[in-house]
Structures are given as structure tokens and as C-alpha cells.
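Side-chain atoms are counted along with the backbone in the values below, which use heavy atoms only and exclude waters and symmetry mates. Naming convention: chains lettered A, B, ... in sequence-line order (proteins, then strands); numbering from 1 in each chain.
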Amino acid sequence: MATTTDKAKYRQVKRLNLPEIEKEILAFWTENNIFDKSIEIRKGNEPFVFYEGPPSVNGKPGIHHVMGRTIKDLFCRYHSLKGKQVHRKAGWDTHGLPIELSVEKTLGITKEDIGKTLTVEEYNTKCREEALKYQALWGKITHQMGYWVDMDNPYVTFENEYIETLWWILKQFYDKGLLYKGYTIQPFSPAAGTGLSTHELNQPGAYQDVKDVSATAQFKVVRNEQSELLYEKVESSANVYFLAWTTTPWTLPSNTALAVGKNITYLQINTFNAYTFEPISVIIAKDLVGQYFNAENGELPLDSYEAGSKTVPYAIVGETTGAALEGCRYEQLLPYVQPDDGDAFKVVVGDFVTTESGTGIVHIAPSFGADDMMLAKKYGLGSLTLVDKQGRFVDAVTDFAGVPVKNYDNVPDKEYRAVDIDIVVKLKGENKLFKSEKYMHSYPHCWRTDKPIIYYPLDSWFVRTTEHKERMVELNKTINWKPAATGEGRFGNWLENLVDWNLSRSRFWGTPLPIWRTEDGSEEICIGSIDELAAKVDEAVVAGLMTDNPYYELKDGKRVRRADFDLHRPYIDRIVLVSSKGEPMQRESDLIDVWFDSGAMPYAQWHYPFENKEKFEENYPADFIAEGVDQTRGWFFTLHAIATMLFDQVSYKNVVSNGLLLDKNGVKMSKRLGNTVDPFEAIEKYGADANRWYMISNSQPWDNLRYDIDGVQEVQRKFFGTLFNTYSFFSLYANVDNFTYSEAEIPMNERPEIDQWVISMLHSLVKEVDGLYAEYEPTRATRLIQDFVTDHLSNWYVRLCRRRFWKSESNSDKLAAYQTLYQCLETVLQLMSPVSPFFPDFLYRNLNAATQRHEAESIHLTDFPIADESLIDKALEERMEMAQTICSMVLALRKNKDVNVNVRKPLQKILIPVLEEDKKLQLQKVEDLILSEINVKEVEYVSDTSGIVTKNIKPDFKKLGRKLGKKMKAVNIALQQFTQDDINQIETKGEYILDIEGEKIGINLDEVVISSDDIEGWLVNSMNGLTVALDVTITEDLRLEGFARELVSRLQRLRKEMDFELTDRIIVTFEEHPSLESVLEKFNQYISNEILADELQVAEKLTDATAIEVDGKTLEVKITRNIL
RNA sequence: AGGUAAGUAGCACAGCUUGGUUAGCGCAUCGCUCUGAUACAGCGAAGGUCAUUGGUUCGAGUCCAAUCUUACCUACCA
């Protein structure tokens, strides 16, 4: 692709092909170990610690991974340029359910088959393969996208060393009493005898519509001080009851509490029980009264009731809130057994209580509902588990002992009588049932047995995170979250409501829980290292519980530790240890949550504390981590929790939580919808650089990004294309002029104004970009860089300075132009290199090859530019902005349909009204630039006294509004009616007294904004507080000059068409034409200079001539190369 | 259901912290122009009830409240 001529110092490339360039740069990086060098050269410097959140590589990488990794990469590269040493250790997450599921899918088996049709060993082997299935593909995308991370020495979560660190941490927790065995309420299938995962519940068909008997039970309020108010409203014979509704009456014997909504309004209603006809008084949510009572019956007097009548009168006698009911006691509904693990039979407040259905009072059975359990923990409520694992009532429930709570005995549907019905009948008889009816609802079923599941308390191991909750909240406040809202809100709020971390997972492929127990649970041991385990096994061998120790082997007659053991199941389950009493201890069969694996990576990646103690200490805590916002409660939490509990400190100081990548319509990408984007294709098409730049510049990392490949193309065309053109322009002329930056630096104050301006802009840019990267605000940084490159550098500086480069004589002005442009290019490349690392390195290397200004062979080995404040001149930047505005306006005026004079035609004059002397001085400094850009001969500044300017006055709302308040409107109207005289008056006197409805109000000059909107008889334009008028009269002189310029333009085009070299001298011969005479006479020198002609001849008649059209006239012309 | 964020032109975004009267930029569309830097640029046109409703205020895209929609996380319902 490269077309390099022998003489050229700067490499020139005809067309921009980013993917090609990236391949070349990748090869260069690999051959020269640039990544390694970028770390080596910072040796001994302050480290910048980065943790790589391990991706699971059992799936193919997607385009969103490119997004996440670009964010990680760019800050690491930035800090590396800033002189820090930035190690980046890759890691792979290799445990967990997704891997097990894909193995099951590949082998066509289910969890049930493990250990039956397939040995656990085979299964284990399969998982090990599956876990790293796409590792190579991940390596490839990492490489191609330019993500620098050390993949030669990654941490892998299934390795023994990694697991050993996890065990060490668990043991620390165990010793601190942070690990305990409890239970959680989980979906459980009594028919299959197993717990189900959420994933299994989400299987299609799991939820089925079934008809169950629902009951609204009466819970009798205990009469005491708190409830006295309720009892005052009823007759002595009646009792007060809470009404609670349930679709699972079988849980009623296990009831231990009732929950109300704090802000829900409840009514007390006197009425009669429809089954026993006894007078009762019930409590129910106001919004639900209509569900239970017919409004008409509320009109009836209570004493009109006849026992057995369908018409039950009622009367509302009181109103209260849930908050007031909290703490009320009630009598146990079905007193078979009393709980012994806490308080019971009282009213508590639950946030989940609504008035959508039921009674607004929820029956709580902690053993059979997750919400119930949480509430029980919160209030220290006792619990009752009166159903066994077969789904049958225990013997203590005398009436129903042994009866299954659902149809687990395979009774034909028609004959099946649910125990719920019997419970309802019993309640009816005891005046404890208010209402019962059949209820259709969606209920989860076991996908294997098709039987209803129940929620049931199952053994689990927990980490007592709640004990360190306050500290976690506190430490979290020291972490810099991007965006802040995620840290304070999403994460912070969640920490506030933290519950203990359920570590247990009943699966096969994961880190085994290193706890062994005797059968009766009287003794248990937590193992913290492989050494410890091996030693314990020796004891077990001695005790005769194990035949040999699998962690040792005999080598050359010596007993040595084996290297090839595996800490996973099933091998670990074969280890039996011995208790102090000589009893066998079996391992608790659970695995631990995979999030514990990744949350422990700061320690486990170094096999701490068994190895690398120093390395760990140098690399802890992290300065920076980044992952998707969906990891907030995943990795971000586990890192934080483990660090707080282990070392009482944070494990990361800055965290960027990035948003998701959606397709261009804002829909989440999924294989099912077929709207995924293949990252390899995207990179192949437009390059990693364009993709990376697009992702970072298009939206803030934490906002969701709608990925649109057309947007990538736009970035490539607009930003990279412009930068490429700028470089091409520079290299083209620098090669011609042999500019290699070998001359002495021209002092800034000796360079032209425009050079000083662009350098000032450059240093302002460096300052801002540096700050933004440091604050983890990459999007704003990239937008600034892009604006600088396209608007300021290319479309202003280079465009205005073109002639300085291509004029033939060499002088300090030309040199200044080269040096200035070179500095801009070089600096901008450095600024953008963290985000898009390839193309800047390519250009940097091309530039540096010619100038050898830097020793660094890659831009990634250079130091980040430092902003030189002394070169920043805000006044200069401002006046250049004014110049740009004026040019814009004049170009628009030239375009005016009444005039339509193109820029090549010179015009005589522009008029700029300026009221302040200061502004005039500013404008005068950029006058030449303006005039040459818009091709106008002179500028005249007019002050207010000229009398040709029409002025406009407007209040400065910010100032006057504060001062006047309500009178603002009237003053505004008055100002609108100001005459030119009034405006002149306020301008000369500095103030004006208004008369608003008889009130005198003084207005100062600085409280109004006066603008010049019109100039009589001129073409006028206004923008940004500037006004410009254009004189469009074309004199003969102007016409001639315009003609000359048109002529030059046509001849230049001709040169190009004839493929002349830039430096070729030519001879031009015209055929005689009346319009040529005066032009050639007057502008001979000018034309010759412009087109590098040694001679302009006129001949009577030309053959082989080319016809060109200039200002509507056809001229015959011939160009020949002048070979001297 | 709860938590968190977002909603501004056909599309993608800025402006909101600190309220100020003509709401910007880019792309796309249409018209014109320039170019010895031909994957570039310039000028113009068209395109907006700033999600909706209400409030505070002399003045609201910006502050407050409610509602609707979207996304993520958590939970799963008597």
C-alpha cells in the first residue's frame, strides 16, 4: 500500500485504509514488544494499578466487549503516557452455571445424569474444556482491537493456586465468625427432592395456570393496651380480627406474623361471620373493602341481620394506618406448634404489601416465602416448618399428619381433594374463616416432574456481610464512581439494604466450599490451604478413614507432593477427614458463588499469601477498574465486600461503570433477534481505531450506546479522514522542501499571529484533555480533540496557511508554518493515542522517521504532552473566533441571491460597527486574515456617531431581572419601544430613567444589551454580537482582478489534469482574445507566480489548444512544460 | 413491585450543576459553491409544543411534583 519515493522523508500513502494500517502497526508492536517496553520504561515509577475483571470465555466475544475493553485500555494507556507503570494482568472466569449448562447442552444431558450416565470425572473434564472454549477467539479480538493486557500470564479461576487463595480467604472469614450455615427459602420440588435454580424456574412451561382454594382467615386480635382502641368500638360479645388472604392455606399452620403496609389506610368494620353468624369486627385495607363487602349492605342497620341470611350488614367504625397497627398481637390461628426461634404472632410492616389484591394484610410464614423470610430476619420473628421435604405435613400437625400439601401421590385430578379444602373446613368450624373461594393463578412447576414446587427452607452457607454493612457504606463513599449516581444510588442504596451473602450453589463445576463436618454437625473444620488439607488427610489415613493420601506420591523413594491433583468435585468429595473424637467428617457438598471467585481476584491472581506477597502489596488496591453497569451487584460488590471484610479497606479507588451496547434502534443485542454485531467484521471494515473512537466519542461511557455502523464510518471519514488529509498535506510539502525539523525552533513571538493562535489553541486543548482523562471523562476529551483537528487545525489553520507552504522561496515564515503544523500534529496524535492507538502511532512513526525528534520508537512510549500556560493567549483565541464569525457572515452575504459573488471575485470593503475601542483593537489584529479569507480589500470600523447604524436595545435579563423582579415585564416592553434617540441617550449618559406606571426606574447602560442590527443601504449580517456590512460594488479594477484569479484557477486545474509535478515550471500560450489584453498586462506577474509559469504568451492562432471557460468567455490555451 | 438512569429535529448527541427571552453541533435530505489537501470543506434551506401534566418564578429545556415510555439491576407477590 505504501508508495514511498526515494527522496521522500515522510512516508506518503495514497488512500486511507485503517484496517491495513492497523495490521502493520500490530506487527510492529509484536515484533518490537512495544507493550512490554511501555511497562519496562516506567520501572521504578509510581504504579497505576488496574484490575481486569475476568470475562467468561465460554461464549464468543461481542461488540460490547470491544466497548468495555476500550474504556479499560484507554485509561491504562493514558496513565502510562503520564509516566506511571501500568501492569495489566489478564484473567479468565472459568466457573459457573453458564459453563455447566453449555456442557449439558453439548452432551445432551441434564443435571440428573451427572453421576449416572456420565461420571463426575468426565463431566469435570468437559467443563474444564468448555470454560476456555473460546479463549483463542478472545485472544484474537483482544489483539486486533489493540487492548493491551498481558495474556501470557493470565489468572484462571479454576487453577488450584487460585482456589487455594479463595480457601485462604474463606478461612479468614470463618475464623472471624463471618461464615455460617443457615437456610434460604428456595424453590424446591418435593416430587424430585431437589432445589431448583431461578434459571430452571424460567424454563418455558414452568409457570402454569392452576385453580387453588384461597382463604381469607380471621386472626383474633389480642386485647391489650395497644389494641384497646379497637375493642372500644365493638360490643362486648364480639372480637376484633385481622383479615388476611392466602392462596396456599397449607401454609397457615406455619403462620407466625401478619404484615401491613406502613402508609396503607385500614378500616375497622363491624359485621357478622357468614359461616358462624357470630358478630365480629374486622380490620381490612380501605381500598379493598369493595372486594369483600357489598356497598348496599353498609346502609343496613346491624341489628337487622338474621343468622344465615346472604345479606350481611356491616358498619365502618374506625380508620387507622398500617404504622399504627405495627406491633399488635394476635392469637395463633392453628396452634399445633409454637416457634422457639424468635418472637411471633404480631403485626409487622412489609414494604411489599400492596392493596392490589387480598385484604392489604399479608399472612407471613417465614419458611415458605422469600419475602416472609426476609421480614422474619428483619424483625427477629420465629418460624415454623410444619411440612417436610416430601411435601407432607409433619406429625405435629395432628389433623393432617402425613398428608401432602399438593398432589404428590399422583391421585387422578378428578379424585384429588386438596388438603387446603380440609384446612378451610376446619377454619370455618372454628369461626376463623371469613371467606373462601377458588382462585386461578399462575404457579411454578418443576420442569422435570411437572408437579407444583413449593418454597422451602434449604441449607445454605452465608457470609455475614451485614456485620460489615456500615463499614462498606462508609468505604464506598471514598470511591470515585463514574457516574457518581451509580455509586451513591444504585450501589449505595443497595449496600444500605444489604442482606447476608448466600455463598452456596448446589452444582458441580466451581470452587468447592472447604468445610468438613461430622454427621451430627457437632464438629466442623474449615481448610485454608492445600498444605493444611494434605496434613489433615494424613491424619485421616492414620485413623483408617482414607486408604491413601492423594496429595502425595513417591518419587525416587521420597514422599513428595503431587502436582497433578484437582481440587474440584468429585475428587474433593472423596476426602474424608477425622474429627477430634475419631469420627468421619464429610465435606459440605456446596460450591461457592462464582462471584466470590472474581471478587477475590486482587489476592488470588497473585496466589496471595502463598506467593508474591510483595507483588500483591504493590498492586493493592486498584486505582482503576471498569465494567458494565450490570456488574454493580456482581463484581463491583464482591470486590468491595471481600476487601472490607478482609483488610478493612477499599479494593478500588476509581470505577467506571459503563452502559450497555444496544443496536441502532435502541434494542438490546441478542442472538435471538439477530441484531448482534460481529466485532471482527466491524474491525475489519472500518478499523479498531474508528470503532473505538466512535464508541468513546459518541456517548458517555455510562450511557447506553446505540451502535450504528454508519456512525463508525462517519468517524472514519470525518475525523480520521481529515487528520489523514492534514498529514498528507504536510508530508507533501515537507518532502518537497526537505523539512526535517533540523532548523532551530523559531521563537513563538516571531511567528505570525495565526501560528500563535493555533499553538495557543493546542495548549488549551492539551490542558483540557489532560484534565478530562484524569477525571475519567473520555467522551468530552475526544470531542474536544475532534473539534480541534477538524475545525481549527484543518479547516482554519491549514486552509488559511496553504500559501505559506507552497510558495517557492524558503524563509522563516515558511519554517514557522512547518514547525507549527508539525507540533500540532505530533501533539494531537499523542492526545488521541489512548483512545485510538493505531493510527496515531502510524503517523507518529512516519513523522519521527524523518525528524528523529524523539527516541521513542512508538507513540505509546512517549510522555504525555504538557500544556505550556505561557503559550495560551485567551484574547488571541477570542479575536480569532471573531474573525471566524465575520468570515462566515461575509461568505453568507456573498451568497445572497441578489449578489452572488463568489470568493474569487475581490470586493472593495466591509463595514464593521464597533462601539468599544478595545474590541476594535482586537479586530484590527486579525484584519489581514479576515480580508484575505473573504477576498475583500479593506475594512472600515464605524462608531455610533456615523449615524448610519440602526441600533437595537434589549434588557440584560440576568442583571435586570434580579434587580426588578415583577417589574421586569413592563420594563422590557418599555425598552422595546425605545427610539434611536433614546438609545443614544442611554449610551451617552450611561443611564436612563423610565417611567413605569408613575414609578421612576433607573436603568444603567450595563444593564442593557445594545446591538447594531442594520446599516442603511448595505448588505448586513449579524451573529454572536458582531455585525458586518458588505459593499458589493464591482469596479473595473476589481473585475479585472477577479478575472485574473478565475484564470489562475482554470490553469491550475489544467496543470493538474496534465499530471504536472507540483514544482514543474511551465509556459502558457493563449489564443488572442479581447478580454485577455488588460488582464495579462496588469496581472502578468501575479498569474505567472501562481501557476509557476515562466512565460505567458499570446498567439494569433493555436492548434492543439484546450478550451477553458472563464467568466463566461471561452479561451483557447496551451501549456507546455518548460525544461531548462 | 422496588432501586437507578434516560426521554431535546429523521438519526446520534450538547445545553440542565449556577433559570434569563431566537435551544445548539454533527450526520442524513435539498439547493448553491470551493478545492494543487478529491473519502475534505464553505454558504443557504427545510426540520423542535425540549415525553406529558401541573407547580414555583417577572421569566422554565434547566428547579419541584405527578404521570407515561425505555433500559439495566433486584425481587417475585399474599
Which base, if any, makes a Watson-Crick or G-U wobble pair with [N], both distances under 3.5 Å?
N      : answer
B:rC63 : B:rG55
B:rC16 : none
B:rA37 : none
B:rU4  : B:rA71
B:rG47 : none
B:rA9  : none

Answer yes or no: does a side-chain N or O of [X] lie under 4.0 Å from OP1 or OP2 of [N]?
X        : N      : value
A:Ser888 : B:rC43 : yes
A:Lys966 : B:rC58 : yes
A:Tyr733 : B:rA37 : yes
A:Arg717 : B:rC40 : yes
A:Asn493 : B:rU4  : yes
A:Lys718 : B:rA41 : yes
A:Tyr455 : B:rC76 : no

Of the options [options], whose atoms approach the side-chain atoms of [X] most closely?
X        : options                : answer
A:Arg783 : B:rG20, B:rA37, B:rC13 : B:rC13
A:Asn704 : B:rA71, B:rA14, B:rA39 : B:rA71
A:Gln716 : B:rA37, B:rU22, B:rA39 : B:rA39
A:Arg490 : B:rG3, B:rA37, B:rG42  : B:rG3
A:Lys954 : B:rU22, B:rC58, B:rC13 : B:rU22
A:Leu891 : B:rA41, B:rC13, B:rC43 : B:rC43

Nearest-Å distance for atom pair [atom1]/[atom2], residues [X] and [N]:
X        : N      : atom1 : atom2 : answer
A:Phe724 : B:rA39 : CZ    : P     : 8 Å
A:Arg706 : B:rA12 : CZ    : P     : 4 Å
A:Asp710 : B:rG10 : CG    : C1'   : 13 Å
A:Phe637 : B:rC72 : CZ    : C1'   : 19 Å
A:Glu714 : B:rC25 : CD    : P     : 15 Å
A:Ile361 : B:rC77 : CD1   : C1'   : 16 Å
A:Gln700 : B:rU4  : CD    : P     : 20 Å
A:Asp703 : B:rC11 : CG    : P     : 17 Å

- From A:Tyr455, A:Trp250, A:Phe188, residue fulfilling ring pair (Phe, Tyr, Trp, His ring centres under 6.0 Å) relative to A:Phe368: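 Of the listed options, the one satisfying the test is A:Trp250.
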If we take the [atom1] atom in both [N] and [M], what is their distance in whole Å?
N      : M      : atom1 : result
B:rA1  : B:rA23 : C1'   : 38 Å
B:rA28 : B:rU69 : C1'   : 26 Å
B:rG7  : B:rC13 : P     : 10 Å
B:rA65 : B:rA46 : C1'   : 38 Å
B:rU8  : B:rU49 : C1'   : 12 Å
B:rU62 : B:rA9  : P     : 15 Å
B:rC25 : B:rG47 : C1'   : 15 Å
B:rC64 : B:rG19 : C1'   : 13 Å

Would you say the side-chain atoms of [X] and [Y] include a donor-acceptor pair closer than 3.5 Å?
X        : Y        : value
A:Thr251 : A:Thr248 : yes
A:Asp791 : A:Trp796 : no
A:Gln786 : A:Trp693 : yes

NA contact type, [X], heavy-atom cut-off 4.0 Å: base, sugar-phosphate, or nothing?
X         : answer
A:Val971  : nothing
A:Gly711  : nothing
A:Lys969  : sugar-phosphate
A:Asn725  : base
A:Thr246  : sugar-phosphate
A:Arg1053 : sugar-phosphate
A:Thr486  : nothing

- Are any of the side-chain nitrogens in A:Glu999 or A:Lys967 under 4.0 Å away from the carboxylate oxygens of its partner? yes
- Note on the structure: Note: for A:Thr779 and A:Leu800 on RNA chain B, the residue whose nearest nucleotide lies more 5' is A:Thr779
- Item | First encountered from the 5' end of RNA chain B, between A:Thr790 and A:Ala485 |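 Upstream on the strand: A:Ala485.
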- Within the modelled atom types, does a donor on one side and an acceptor on the other bring the side chain of A:Thr722 and the base of B:rA37 under 3.5 Å apart?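 Under the 3.5 Å cut-off, the side chain and the base do not form any donor-acceptor pair.
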Would you call the rings of [X] and [Y] parallel, tilted or perpendicular if under 30° counts as parallel and over 60° as perpendicular?
X        : Y        : value
A:Trp481 : A:Phe491 : tilted
A:Phe219 : A:His363 : parallel
A:Phe839 : A:Phe724 : tilted

- Under 3.5 Å, is there a donor-acceptor pair between the side chain of A:Asn658 and the main chain of A:Gly68?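 A pair under 3.5 Å: no.
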